Number of protein chains: 2
Amino acid sequence: MFDDRLSKGRRRGRAALTALVIAGVGAALIAGSAFFPTLVEAKKKELRTEVPPGELDDYYGFFSGGHSGEVRVLGLPSMRLFKRIPVFNLDAGSGWGVTNESKAMMGGLVTGDTHHAHASYKDGTYDGKYLWINDKANNRLARIRLDYMETDTIISIPHAQGVHGIFPQRYPQTDWVILNSEFRTPLHNDGKGDIRDAASYNGVHTVVDAHDMKIVCQVMVPCNLDLAATDYQGKYSFATSYNSEGGATISEMLAKDRDWLVVFDWDAIKDGLKKKDYKVVDGIKMLDGKPGSRYAIYVPVPKNPHGVNVSPDGKYAVCSGKVSPTATVVAIDKLADAFAGKIEPKDTIVAEPEIGLGPLHTTFDGRGNAYTSLFIDSQIVKWNIQKAIDLYKNPKKDDTAVVDRLDISYQVGHTMASMAETKEADGHFLVSLNKISKDRFLNVGPLKPENDQLVDISGDKMRLLMDEPSYIEPHDCIIVRRDIVEPHVKDRADMDEHPLAVHKNAIERDGNKVTVHLTANAPVYGMQEVEVNEGDEVTFIVTNHDEIPDLAHGFCISDYGINFVVGPFQTRSVTFVANKPGLHWIYCTNFCHALHLEMRLRLMVKAKA
Amino acid sequence: MFDDRLSKGRRRGRAALTALVIAGVGAALIAGSAFFPTLVEAKKKELRTEVPPGELDDYYGFFSGGHSGEVRVLGLPSMRLFKRIPVFNLDAGSGWGVTNESKAMMGGLVTGDTHHAHASYKDGTYDGKYLWINDKANNRLARIRLDYMETDTIISIPHAQGVHGIFPQRYPQTDWVILNSEFRTPLHNDGKGDIRDAASYNGVHTVVDAHDMKIVCQVMVPCNLDLAATDYQGKYSFATSYNSEGGATISEMLAKDRDWLVVFDWDAIKDGLKKKDYKVVDGIKMLDGKPGSRYAIYVPVPKNPHGVNVSPDGKYAVCSGKVSPTATVVAIDKLADAFAGKIEPKDTIVAEPEIGLGPLHTTFDGRGNAYTSLFIDSQIVKWNIQKAIDLYKNPKKDDTAVVDRLDISYQVGHTMASMAETKEADGHFLVSLNKISKDRFLNVGPLKPENDQLVDISGDKMRLLMDEPSYIEPHDCIIVRRDIVEPHVKDRADMDEHPLAVHKNAIERDGNKVTVHLTANAPVYGMQEVEVNEGDEVTFIVTNHDEIPDLAHGFCISDYGINFVVGPFQTRSVTFVANKPGLHWIYCTNFCHALHLEMRLRLMVKAKA
């Protein structure tokens, strides 16, 4: 059906793979033909670290794009950037922020600050369907559908500023996504009354329905909430809090010696919702999670913690110290007793190994080891969780849980190992997401790239494989096995998914509103000229009828600041006022055919009399 | 002075190199410590094709970003992307299009379509100072300063649509940059009169002063002008014309069997300007370059040609056939006779080898060979120029100028070899900029990356080294030796270059206009709170006082859609109306310090009574 005339005779790896999928031979065989026979067998094999021309990577990496507002899709181990998925940013390349479809989602904002991309789960591992990403700048949550690798929903989070840590439910599947607000604000943040009184500020832990992307509820807390995690049983979510002081200045925020890991009890939240134990604030069900409530416990951890990550066996939440040289290990199976008041929150702590300066985030290899990023030391430190627990119980002088250290270049923030946020953590690769590259690349001026370093963690010692520059700034990433994602990814859109898909070229006029229905088939648009009057409100709806994978068309109106791309079977539209009289060539910007340059039409805007 | 406390003890290659520069040991030794002892010696050496962690690339690649509106800086041979330089696009990452400084350049437009990045020359090779880039969508030219790798000027080109081919003067230095208009339009394109009459449309060849970025003049021609080149003597510029028919539809554009390579005579243009042989149209000096004028000759070439490239020895302009399977070689030393009327324009053609289907662009190895991209055949074809000339004079059955062919994946547009657009073409690497990647990378949905393939051309046979995915769409690139660019690149700005650089934190109020002068020093802003009234027009001016290379700060105002980055010693400003009452945390978005998260200030917007 989709005869691929452009690359006839040249299809390689993926074609064979696709054939297998179509033949229904199933996931086992697909995995067999790629890098991973099974997870266990893969561990015995030598790690492949290069991807020669024409071969495919073994993992998808989904990287946040920081204040670039986008999500990036990389391949590992090659570390090549396959795609930028625009989310909160105006992206001139695809026309995200230009088309009517994207503008409807973006709410007039063209900047954002993405930090944490997390994918949808089923039974503790990824199901390859969706990705969520936060906007810390303008306090939103977006969902990306992985079949098209495009943003499909953006929602605003009220009562929250600095929407930072997010995490999807891991078990039994992703029904909820939780979000933290890192900056405390007045609950009614309307600029009335004393907005200077920081003691009156709150943070919120927001629960979003993963399916309809509506807010389920918010749990109000007196402190800020930074990074987030969920457990592997669908019972708890976690949030670090680095400003338990409730300060508004840096010195106030550093006053106390201990801050908190806040744990939220999902059964209690569900019960509270059922029993209507909430206020409705601006239409949102707001539960009170203050200390002493049944919704949250506050585990004291060393000063200004940052990351919290749950080990792949589901047993431990590991909290990284930031200004303390330690990690704090909380035993998840002790939480029920703490919520029940049988033990103190602090009694859930089972280890607190000293690991180095500036611990920020921790990742895992599925073999019992944790890898923590050390910002100040510029290192990844590998340490054994069980050994840390043993030494916490029975301290031994001169003994340590630390197994290995790797110098990185430089100033690592997040770190993430392959599949480490699932029960299928495989201990193959780790990425060290370094904030500063300095002298690691050719000099490109005052604004330099960051440095995402690829590390082999399959052996006893970590081994640095690659320096990969990255644009500001990929805070965090997840690394997902290819066989999980690829079967869901489509080469073309479902044409009729768009209600305005064009099947017949036509121009409609209603007063001064003109709607142009236009097809695109390489190398021609369905019409070669369109005439409108100065001042008309013009809508172009463009459907790409080329069914060939990878055959996208652009639609650019000269001098009108309008350009967007339409992938195979996609429909995109744009509405503008024809306020510039004259001839304005519309042309295809996406090289599509040997006669691509000739793919144009004349927009003639007749001047007002 | 610039003590580098963040990476103490870890500086490697570039530090040593910088020390040499400072010591004044000069270019010879620097080159000696890197890959290139001398150009001649380098050719004897085995080509380095990998760049291990911590080592540096040998070349800068400057790639256009197509309709992403940006320019990209890569390293070769690693093909790693070091930087996106926003030009015509709104870039949420750096705040380009958000700051007052960038908005002043962009003229309200946030999209563009860049095709050809070309650098400034001195004596036929690059001088490492500037880069120019076209905007085909909104008909502009931008200049990038390579010391900061930032856009410093954008100008609009009147009377032109589809501003496509651009090229800087190569000799004796870049004083002019020329631009072509690919789409013919009415000269007075005001929407009055018969704008449908395509016979009345014109193209223009625009000359821009490279120093003050003002238009010197335009040469009007009846045809369209596509790709551009200049010679190595400062005498001529070249433009392909694929629509000599003057058609407005695709079938009209394909009617004739031959189109033109238009050659412009710079001495004649200068003389015409001196003798005032022009009309002034909208303030622009417009010379008439119609056939028969002394400004331009029209060399007939096969139907719908595309690229034109001049060989590094300065002898030939090679024009690629697009819908003809040929390249046309024009001898530049015959042009004077053609302009003088001693020979016909067609007599400047010295070869027309048949090379394959869909020839688009040609590049060179400095050893007498040309490499032409074949879009339809999906190949790079290597052919010998002298042999093509010999065979044109004395055709031999079954003999060919073609030396080698390399299958690429897939549908190549531009191709460029290292230093190939200079007299120092070195024949090391070639990049094949392929429009379609299809199955070469993990599937990422309907919109797939393009594929920039790196090829070793140092031997007799071409050798494919790497597939590198790239975002839509790097039409063209240049590949510049590291030693040419790096000495000019700065780690920090000249602080006082910005007239508003902040040396003292202060808030000024003038009626409802509030100006906040703010310093940023990791991990604090110079003030921890700012109070304004709802409706105030607020300007923040932020200067980064951190002198450490690579220590940038962000400045994000929660929920205001405002974020930008300020590099070391840089100053950036933003003006907005404080129309959202309440507390809005301002925070640093660029991870700068272990206490980066605490780097914030409170913007308090008091509600109107």
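Since this is a predicted model, take the numbers as computed values, not measurements. Every chain is numbered from 1 and lettered A, B, ... according to where its sequence line falls, protein lines coming before strand lines.
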Inter-residue atom distance B:Phe569.CZ - B:Arg492.CZ, 0.5 Å rounding = 6.0 Å

query = Do B:Asn304 and A:Glu598 have a side chain donor and acceptor closer than 3.5 Å?
reply = yes

message = Is B:Asn139 close to chain A through its backbone or its side chain, or both, or neither, when contacts mean heavy atoms under 4.5 Å?
response = both

query = What residue in B:Asn89, B:Thr249, B:Leu360, B:Ile562 has the most heavy-atom pairs under 4.5 Å with chain A?
reply = B:Thr249

remark   = In terms of heavy-atom pairs under 4.5 Å with chain B, the winner among A:Val51, A:Leu601, A:Leu447, A:Leu597 is A:Leu597

message = Need one label for B:Asp190: side chain, backbone, both or neither, based on atoms under 4.5 Å from any heavy atom in chain A.
response = backbone

key: Residue selection (most heavy-atom pairs with chain A, distance under 4.5 Å) from B:Gly445, B:Ser68, B:Pro469   = B:Pro469

query = Side chain of A:Lys83, backbone of B:Pro449: donor and acceptor closer than 3.5 Å?
reply = no

Which of B:Pro568, B:Ala248, B:Gly75 touches chain A most, by non-hydrogen pairs under 4.5 Å = B:Ala248

query = For B:Val444, is it the side chain, the backbone, both, or neither that has a heavy atom closer than 4.5 Å to a heavy atom of chain A?
reply = both

key: Charged N-O contact under 4.0 Å between B:Glu55 and B:Arg482   = no

query = Will you find, in the side chains of A:Asp467 and A:Gln453, an N or O donor that is under 3.5 Å from an N or O acceptor?
reply = yes

Separation of A:Arg600 CZ from B:Asn243 CG (nearest 0.5 Å) = 6.5 Å

message = Could you work out, with ring-ring contact (aromatic ring centres under 6.0 Å, His included) as the rule, every residue matching A:Phe591, not counting sequence neighbours?
response = A:His596, B:Phe375

request  = Measure B:Lys490 against the heavy atoms of chain A and call it side chain, backbone, both or neither at under 4.5 Å.
outcome  = backbone

task = Counting only heavy atoms closer than 4.5 Å, note whether B:Met466 contacts chain A via side chain, backbone, both or neither.
result = backbone

ask   = Does the separation of the ring centres of B:His306 and B:Tyr242 fall below 6.0 angstrom?
value = no

ask   = Which of the residues A:Leu109, A:Val323, A:Ile195, A:Leu254 is involved in the greatest number of heavy-atom pairs with chain B at under 4.5 angstrom?
value = A:Ile195

message = Counting only non-hydrogen atoms closer than 4.5 Å, does B:Lys136 touch chain A with its backbone (N, CA, C, O), its side chain (CB onward), both, or neither?
response = both

remark   = Ranking B:Asn544, B:Leu357, B:Leu595 by heavy-atom pairs under 4.5 Å to chain A gives rank one to B:Leu595

note = Okay, A:Val485 and chain B: the region with an atom under 4.5 Å from a heavy atom over there is neither

request  = With a 4.5 Å cut-off on heavy-atom pairs, point out which of B:Leu81, B:Asn138, B:Asp550 contacts chain A the most.
outcome  = B:Asp550

task = Determine the option with the most heavy-atom pairs under 4.5 angstrom with chain B, choosing from A:Phe88, A:Phe183, A:Tyr60, A:Tyr148.
result = A:Phe183

task = Side chain from CB out, backbone as N, CA, C, O: work out which of these in B:Val524 comes under 4.5 Å of a heavy atom of chain A, or both, or neither.
result = side chain

key: Which portion of B:Ile250 sits near chain A, non-hydrogen atoms under 4.5 angstrom   = both

note = Answer key: most heavy-atom pairs under 4.5 Å with chain B among A:Leu90, A:Asn189, A:Asp113 is A:Asn189

remark   = Scored by heavy-atom pairs under 4.5 Å with chain B, the best of A:Ile472, A:Leu146, A:Thr185, A:Ile85 is A:Ile472

task = Give the member of B:Ser437, B:Ser78, B:Gly108 that has the highest number of heavy-atom pairs under 4.5 Å with chain A.
result = B:Ser437

ask   = Which region of A:Asp91, side chain (C-beta onward) or backbone (N, CA, C, O), has a non-hydrogen atom less than 4.5 Å from a non-hydrogen atom of chain B, or is it both or neither?
value = side chain

note = Here the gap from B:Ser558 atom OG to B:Leu583 atom CG, rounded to the nearest 0.5 Å, amounts to 8.0 Å

key: Under 4.5 Å from any heavy atom of chain B - which part of A:Val605   = backbone

request  = Answer yes or no: is there a side-chain heavy-atom contact under 4.5 Å between A:Glu531 and A:Lys606?
outcome  = yes

ask   = Any luck finding a side-chain donor-acceptor pair between B:Gln570 and B:Glu150 under 3.5 Å?
value = yes

key: Most contacts with chain B, counted as non-hydrogen pairs under 4.5 angstrom, among A:Arg80, A:Met149, A:Gln528, A:Lys435   = A:Arg80

query = Side chain, backbone, both or neither: which part of B:Tyr471 has a non-hydrogen atom closer than 4.5 Å to chain A?
reply = side chain

inquiry  = Counting only non-hydrogen atoms closer than 4.5 Å, does B:Val565 touch chain A with its backbone (N, CA, C, O), its side chain (CB onward), both, or neither?
reply    = side chain

A:Glu70 bridged to B:Arg84 by N-O distance under 4.0 Å = yes

task = Could you verify whether a donor N or O on one side chain and an acceptor N or O on the other, from A:Thr111 and B:Asn563, lie under 3.5 Å apart?
result = no

Chain A contact via B:Arg196 - which portion, at a heavy-atom distance below 4.5 Å = both

note = Between the OG atom in B:Ser470 and the CE atom in B:Met79, the distance rounded to the nearest 0.5 Å is 7.5 Å

ask   = Does the side chain of B:Tyr410 come under 3.5 Å of the side chain of B:Asp439 through a donor N or O and an acceptor N or O?
value = yes

query = By a 4.5 Å heavy-atom criterion (distance strictly below it), what part of B:Pro52 contacts chain A: side chain, backbone, both, or neither?
reply = neither

request  = For A:His164, check ring-ring contact (aromatic ring centres under 6.0 Å, His included) against everything at least two apart and list the hits.
outcome  = A:His115, A:His116

